[in-house]
Every structure is written in structure tokens, then in C-alpha cells.
**Student:** 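For reference, the structure I am asking about is given below.
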Amino acid sequence: MGGGGGGGAMMGIIMMLARSRFGWLGVAVVVVGYFVLQRVDLGGQQQAAAVAQHQPGAPQDEEGAFVGFVFDDVQDTWQRLLPDYERAKLVLFTGSTRTACGIGESATGPFYCPPDKQVYIDLAFYRALRQQLGAPGDFAQAYVIAHEVGHHVQKLLGTSDRVQRAGRGEGDGGLSVRMELQADCYAGVWAHASQQRELLEKGDIEEALTAAAAIGDDTLQSRSGGRVRPESFSHGTSAQRMRWFNAGLAAGAPDACDTFNARSL
């Protein structure tokens with residue numbers, strides 16, 4: 001869908017029109033219809049989305065199509081920003097799946113595996129985001145996808161390898177937190193590009209910020225009934241996650257996302 005052919009360009013225009021008229025759900029419907037027609041045109045031969053692999057039992061409905069479209073759109077943005085950008089792959093799975101990082105389970109939430117350069121998503125996470133964490137909305141889902149692609153950008157730029165060699169560093173202000181906050185900022189960079197293309201609707205940014213707040217370390221620890229332990233933080237507080245998403249959104253450039261040299265997170 002992110003290719004340079006005439007058909008791909010026309011598909012992109014149709015998606016933008018669907019987005020402006022009917023929102024992200026309209027885009028998902030268009031994508032589903034497109035792949036249905038593709039299967040018919042191919043005489044019933046199986047064809048998977050270029051950006052996604054579906055593990056056995058993985059959902060392939062409009063929700064999966066929506067994730068695939070956003071994933072592709074985020075990568076299109078990074079290809080414009082980084083000339084040597086190498087596209088990641090998306091894997092939708094149910095329950096658990098094998099990865100180059102070991103067995104991936106839905107309990108861990110969406111994740112990026114640097115060795116195989118793939119983003120893994122179990123759509124059940126989005127139901128938990130809506131129903132248990134109080135962060136509904138399609139742009140809340142889009143923020144999570146853009147965050148994981150942000151980790152792929154870190155892999156391509158050598159950031160994740162440097163952090164791994166340094167021993168990651170858990171805890172508030174540690175390297176692990178700084179890397180996660182940078183991925184939040186990179187998600188904001190994509191949101192800025194979407195805003196510039198007039199793809200955002202009223203309330204979309206608020207949905208992303210609600211999701212960022214819902215998965216802050218302090219909020220998750222409080223929700224679980226335990227005390228907040230900054231020394232165990234791995235992703236940053238709710239306030240930090242919202243702040244760095246907003247930093248990327250305001251600047252629209254990855255240079256604004258240098259969390260590693262920031263005096264204050």
C-alpha cells in the first residue's frame with residue numbers, strides 16, 4: 001500500500017478521502033474491501049497484506065486491516081524523513097508466537113523485536129486498552145503502533161544497540177525509560193505528519209494522550225494496587241509519556257526526540 005505505482009497512489013488517495021469523510025474506521029473498511037477484491041481477482045489464491053503476516057488464528061477482520069494501514073502509513077512517513085529507511089514487518093498473532101526474541105505472548109502487549117525487525121501485535125491488547133485501561137478510540141491504537149515503529153527507527157539508527165551495550169539501565173531516568181520516551185516522541189512525529197496532511201479529526205490527539213497516560217509506569221503500578229516504585233520504571237510516567245509525544249507532535253522532526261541528553265524527562 002505504500003508503493004510508488006499508479007494503483008498504490010490511487011489507493012492512497014481513496015484512503016485519505018475515506019479518512020477525511022468517515023474517520024479511521026472508514027479507512028479500515030476501504031482496506032478490507034480492497035483485499036477482498038484482490039482475492040477475487042486472483043481467482044481465490046491467498047494473498048496477504050504486504051506489511052503484515054498473520055499467524056494461525058490471528059484476526060484478519062477490519063481491525064487487523066486498520067492496524068496494517070496505520071503501520072504502513074507510519075512507515076511511509078519515516079521513509080520521507082530518513083532516506084535510507086528500511087521497512088519493518090508486522091505480525092498479528094493470537095495468544096503467543098515465536099520470534100527472534102523468544103516466545104512472544106499477548107500478556108506483554110505489542111512489542112518490537114530488533115533481531116528480526118518485526119512488530120508483533122495481538123489485537124486483544126486493544127480491547128484491554130479500551131475496556132480495562134480506559135483509553136478508547138482508533139487514534140489511541142494508532143499511537144501504540146507508531147510507538148512500536150519508533151523502536152524500529154531506533155534499531156536502524158543504532159540507538160537500541162548502543163543502549164543494549166550500555167546495559168539498558170532500568171529505573172526512573174534510566175536508559176530503558178529514555179529509549180521508550182524517545183519512541184513516544186517518534187510517535188508524535190508521525191502524528192505531526194498526519195496533522196499536516198489534514199488526516200486528524202477533533203479528539204484524535206486527546207485519544208493518543210489518554211493512551212500514553214494509561215500505560216505510564218506510575219499509573220499501571222497504582223492501578224495494580226501496589227505502591228509506585230520509580231526504581232522499577234521501564235517506560236516512564238504518564239506525564240513523561242504525554243510530554244514526549246507532544247514534543248514530537250509540535251516539532252515534527254526526530255531531532256526533537258533526544259531524550260538521552262535531556263536534563264529533565
**Student:** Under 3.5 Å, is there a donor-acceptor pair between the side chain of Glu207 and the main chain of Phe139?
**Tutor:** yes
**Student:** Could you report the tightest heavy-atom contact between Asp73 and Ser194, atom names first, then the distance?
**Tutor:** OD2-OG, 4.2 Å
**Student:** So, the side chain of Asp217 versus the backbone of Gly236: is there a donor-acceptor pair under 3.5 Å, distance only?
**Tutor:** yes
**Student:** Just by modelled atom types, is the Glu201 backbone N or O under 3.5 Å from a matching donor or acceptor in the Asp204 side chain?
**Tutor:** yes
**Student:** Answer yes if the side chains of Arg229 and Gln221 hold a donor-acceptor pair under 3.5 Å, and no otherwise.
**Tutor:** no
**Student:** With no hydrogens and no angle check, is any side-chain donor or acceptor of Arg130 less than 3.5 Å from a backbone partner on Gly137?
**Tutor:** no
**Student:** With rounding to the nearest 0.5 Å, note down the distance linking OG1 in Thr97 to CG in Leu92.
**Tutor:** 10.5 Å
**Student:** Could you check Gln182 against Thr159 for side-chain contact (heavy atoms from CB on, under 4.5 Å), going step by step and ending with a plain yes or no?
**Tutor:** CA-CA 10 Å; Gln182 185 178 65; Thr159 306; 3.7 Å; yes
**Student:** Could you check Val177 against Gln240 for side-chain contact (heavy atoms from CB on, under 4.5 Å), going step by step and ending with a plain yes or no?
**Tutor:** CA-CA 10 Å; Val177 167; Gln240 289 169 340; 4.3 Å; yes
**Student:** With distance as the sole test, does Gln154 use its side chain to make a donor-acceptor pair with the main-chain N or O of Met179 at under 3.5 Å?
**Tutor:** yes
**Student:** Which pair of non-hydrogen atoms, one from Ala140 and one from Ala211, has the smallest distance, and what is that distance?
**Tutor:** CB-CB, 3.8 Å
**Student:** Is the ring pair Tyr85/His152 parallel, tilted or perpendicular, if the boundaries are 30 and 60 degrees?
**Tutor:** perpendicular
**Student:** For the residue pair Tyr186 and Trp78, does the interplanar ring angle fall in the parallel (under 30°), tilted (30 to 60°) or perpendicular (over 60°) class?
**Tutor:** perpendicular
**Student:** What residue pairs, at least two apart or across chains, pass disulfide (SG to SG under 2.5 Å) with a residue in residues 205-251?
**Tutor:** none
**Student:** Is Arg197 salt-bridged to Asp76, cutoff N-O under 4.0 Å?
**Tutor:** no
**Student:** Under 3.5 Å, side chain of Ser176 to main-chain N/O of Ser234, donor-acceptor pair present?
**Tutor:** yes
**Student:** List, one per line, each side-chain donor-acceptor pair under 3.5 Å for residues 103-110, sequence neighbours excluded.
**Tutor:**
| unit_1 | atom_1 | unit_2 | atom_2 | d |
| --- | --- | --- | --- | --- |
| Thr108 | OG1 | Glu105 | O | 2.7 |

**Student:** Could you pull out all residues at least two apart from Asp184 that satisfy salt bridge (Lys or Arg N to Asp or Glu O under 4.0 Å)?
**Tutor:** Arg241
**Student:** Considering residues at least two apart in sequence or located in another chain, which fulfil the side-chain contact (heavy atoms from CB on, under 4.5 Å) criterion with Pro83?
**Tutor:** none
**Student:** Who are the side-chain contact (heavy atoms from CB on, under 4.5 Å) partners of Thr219, not counting sequence neighbours?
**Tutor:** Ser238
**Student:** What pairs with Ala128 under side-chain contact (heavy atoms from CB on, under 4.5 Å), at least two apart in sequence or on another chain?
**Tutor:** Gln132
**Student:** Ignoring hydrogens, what is the shortest heavy-atom contact between Ala88 and Phe71? Give both atom names and the distance.
**Tutor:** O-CE2, 3.8 Å
**Student:** Looking only at non-hydrogen atoms, find the nearest pair between Gly134 and Thr210 and report the distance.
**Tutor:** O-CG2, 3.6 Å
**Student:** Would you give the length of the straight line joining atom CG of Leu220 to atom OG1 of Thr237, rounded to the nearest 0.5 angstrom?
**Tutor:** 11.5 Å
**Student:** Does any pair with a residue in residues 242-262 pass ring-ring contact (aromatic ring centres under 6.0 Å, His included), and if so which ones, sequence neighbours excluded?
**Tutor:** Tyr143-Phe245
**Student:** With sequence neighbours excluded, tell me which residues meet side-chain contact (heavy atoms from CB on, under 4.5 Å) with Ala253.
**Tutor:** none
**Student:** Considering residues at least two apart in sequence or located in another chain, which fulfil the salt bridge (Lys or Arg N to Asp or Glu O under 4.0 Å) criterion with Arg223?
**Tutor:** none
**Student:** His151: which residues meet the ring pair (Phe, Tyr, Trp, His ring centres under 6.0 Å) condition with it, sequence neighbours left out?
**Tutor:** His147
**Student:** Can you run down the side-chain hydrogen bond (donor to acceptor under 3.5 Å, both in side chains) pairs that involve residues 247-259, sequence neighbours left out, and say none if there aren't any?
**Tutor:** Asp258-Asn261
**Student:** Before giving the answer on side-chain contact (heavy atoms from CB on, under 4.5 Å), spell out for Phe66 and Leu123 the whole-Å C-alpha distance, their side-chain angles and the decisive distance to 0.1 Å.
**Tutor:** CA-CA 11 Å; Phe66 167 75; Leu123 297 181; over 6 Å; no
**Student:** To the closest 0.5 Å, what do you measure between CG (Asp116) and NZ (Lys89)?
**Tutor:** 9.5 Å
**Student:** Nearest 0.5 angstrom please: Leu175 CG to Gln164 CD, how far?
**Tutor:** 12.0 Å
**Student:** Could you pull out all residues at least two apart from Phe233 that satisfy ring pair (Phe, Tyr, Trp, His ring centres under 6.0 Å)?
**Tutor:** none
**Student:** For a side-chain contact (heavy atoms from CB on, under 4.5 Å) check, start with the C-alpha distance between Gln118 and Cys113, then their side-chain angles and the critical distance, and finish with the verdict.
**Tutor:** CA-CA 6 Å; Gln118 297 188 150; Cys113 177; 5.5 Å; no
**Student:** Backbone N or O of Ala262 within a donor-acceptor pair of the Arg178 side chain at under 3.5 Å?
**Tutor:** yes
